[in-house]
S.K.: 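I'd like to ask some things about the structure below.
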Protein chains: 2
Amino acid sequence: MRKKTIEDYAELVYDLQKEKEKVHTNDVAAALNINPASVTEIFQKLSEEGYINYEKYIGATLTEKGKRIAKKTRKRHDTLTKFLLLLGIDEKTADEDACEMEHILHKDTMDAVIKFVEVVNQCKVTPFWLERLKKYVQTGKLDKCPDELVKICIDHSKKTKLKN
Amino acid sequence: MRKKTIEDYAELVYDLQKEKEKVHTNDVAAALNINPASVTEIFQKLSEEGYINYEKYIGATLTEKGKRIAKKTRKRHDTLTKFLLLLGIDEKTADEDACEMEHILHKDTMDAVIKFVEVVNQCKVTPFWLERLKKYVQTGKLDKCPDELVKICIDHSKKTKLKN
DNA sequence: AATAATTTTTAGGTATGCCTAAATTGTATT
DNA sequence: AATACAATTTAGGCATACCTAAAAATTATT
């Protein structure tokens, strides 16, 4: 697996802190399947950089700075997961890819994804086009687009062209 | 920037080979803004692993194995770029994010993206929903969904519900 | 409260992907 | 063909993100 970033650790400590006040190196080690000794080093670094308050043998808590980055990363993660689920990806794959994407996408791209999810959620029912795509992704079968829908798109396209 | 992967190098050598038969360490070094000495090491590794034929001081060419991975990666890259452009992301950002995403996405996710682009390309005109989303991404303005379109979605949703 | 068991840290090691400086090879010029 | 210049490789170094084994601190048991 990819090397973990500060964001990964902040996000994880954030989650673990919901269960227990102080997060121990062992908790993180178990969650990420790495050696506790490695987490000690990581905690020392995160502490130096002001993301966590860390007392050895006692555990770590997020600082305000750490909480900020953790929340931001978790929100990105959740939005990306939702986005991929909308496209018809299965839960596990969506979650894993979201975890990768959350670190690399430009703000503009992330914002577009947020808006994508927002627009779809605003709809009373799942939009036809999305159902159609999802079915295609999941079954390989692509339904024909209803004529009246094609008409709406063409009409709309003409209208906007006239404006310009 | 992120550490480059074998896929990155294969893709790059593939592109450079269009200009000249043998790709020199310097060509890659210049393209990636890294030290030629580093490229020598990379070429040695790629050669050991069978992605390139490499003769020192002479240059490198892709093997069949290398060509295969290069083409695959380039195709992914292009599809991802198109996908992001459809969402309203600008060219530079789309290209950069595509370059990151191409290495990390699961096959299922990549396939969904391919299908997304395919479905949109099949349309006679850019679908209304996509125009609407794109405008929202680029300007922040979200148009109202026409009533007849909402109706189509609701009707369709009822129909599919009945079937199940 | 002493000792055993567990958790955590320290110390030291490995692999990787980059670097610089120096040595080597190839190319161009006379 | 000899020499100068450019391109390339070799050798050695650095930082990072992990590791293992041993030492130290904490916690549990009697």
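Please read these numbers as outputs of a predicted model, since none were measured by experiment.
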S.K.: Nearest whole Å is fine: how far is C/dC18 P from B/I6 CD1?
M.R.: 12 Å
S.K.: Using only heavy-atom distances, determine whether the side chains of A/E96 and B/H106 contain a donor-acceptor pair under 3.5 Å.
M.R.: yes
S.K.: In whole angstrom, what separates B/E55's CD from C/dT24's C1'?
M.R.: 17 Å
S.K.: To the nearest angstrom, how far is B/K22 atom NZ from C/dG26 atom C1'?
M.R.: 15 Å
S.K.: Contact between A/H103 and A/T73 at the side-chain level, heavy atoms closer than 4.5 Å - yes or no?
M.R.: yes
S.K.: Is a salt bridge present between A/D8 and A/R2, judged by a nitrogen-to-oxygen distance below 4.0 Å?
M.R.: yes
S.K.: Please report, rounded to the nearest Å, how far the C1' atom of C/dT16 is from the CG atom of B/L46.
M.R.: 14 Å
S.K.: For residues 35-57 of chain A, which side-chain donor-acceptor pairs fall under 3.5 Å, sequence neighbours excluded?
M.R.:
residue : atom : partner : partner atom : Å
A/N35   : OD1  : A/A37   : N            : 2.9
A/T40   : OG1  : A/P36   : O            : 3.3

S.K.: Give a yes or no on whether a salt bridge exists between A/D78 and A/K82, defined as a side-chain N under 4.0 angstrom from a carboxylate O.
M.R.: no
S.K.: Treating primed atoms plus P, OP1 and OP2 as sugar-phosphate and everything else as base, which nucleotides of nucleotides 17-29 of chain D get B, S or - for protein heavy atoms under 4.0 Å?
M.R.: SBBB---BSS---
S.K.: Atom pairs under 3.5 Å, N or O on each side, protein against nucleotides 3-5 of chain C: can you list them with distances?
M.R.:
none

S.K.: Base, sugar-phosphate alone, or nothing: which one does B/T25 contact when heavy atoms must sit under 4.0 Å apart?
M.R.: sugar-phosphate
S.K.: Which label fits B/W129 and A/W129: parallel for a plane angle under 30°, tilted from 30 to 60°, or perpendicular past 60°?
M.R.: parallel
S.K.: Using whole Å, what does the distance between atom C1' of nucleotide C/dG17 and atom CD of B/E49 come to?
M.R.: 13 Å
S.K.: Think B/N26 has a side-chain N or O under 4.0 angstrom from the OP1 or OP2 of D/dT8?
M.R.: yes
S.K.: Using a cut-off of less than 4.0 Å, is there contact between a side-chain N or O of A/Q44 and OP1 or OP2 of C/dT9?
M.R.: no
S.K.: Tell me whether A/T139 contacts the main-chain N or O of A/K135 through its side chain, where contact means a donor paired with an acceptor under 3.5 Å.
M.R.: yes
S.K.: Sub-3.5 Å donor-acceptor pair from the side chain of A/R132 to the main-chain atoms of A/D143, do we have one?
M.R.: yes
S.K.: So, B/K107 and B/D111, do they make that salt bridge, N to O below 4.0 Å?
M.R.: yes
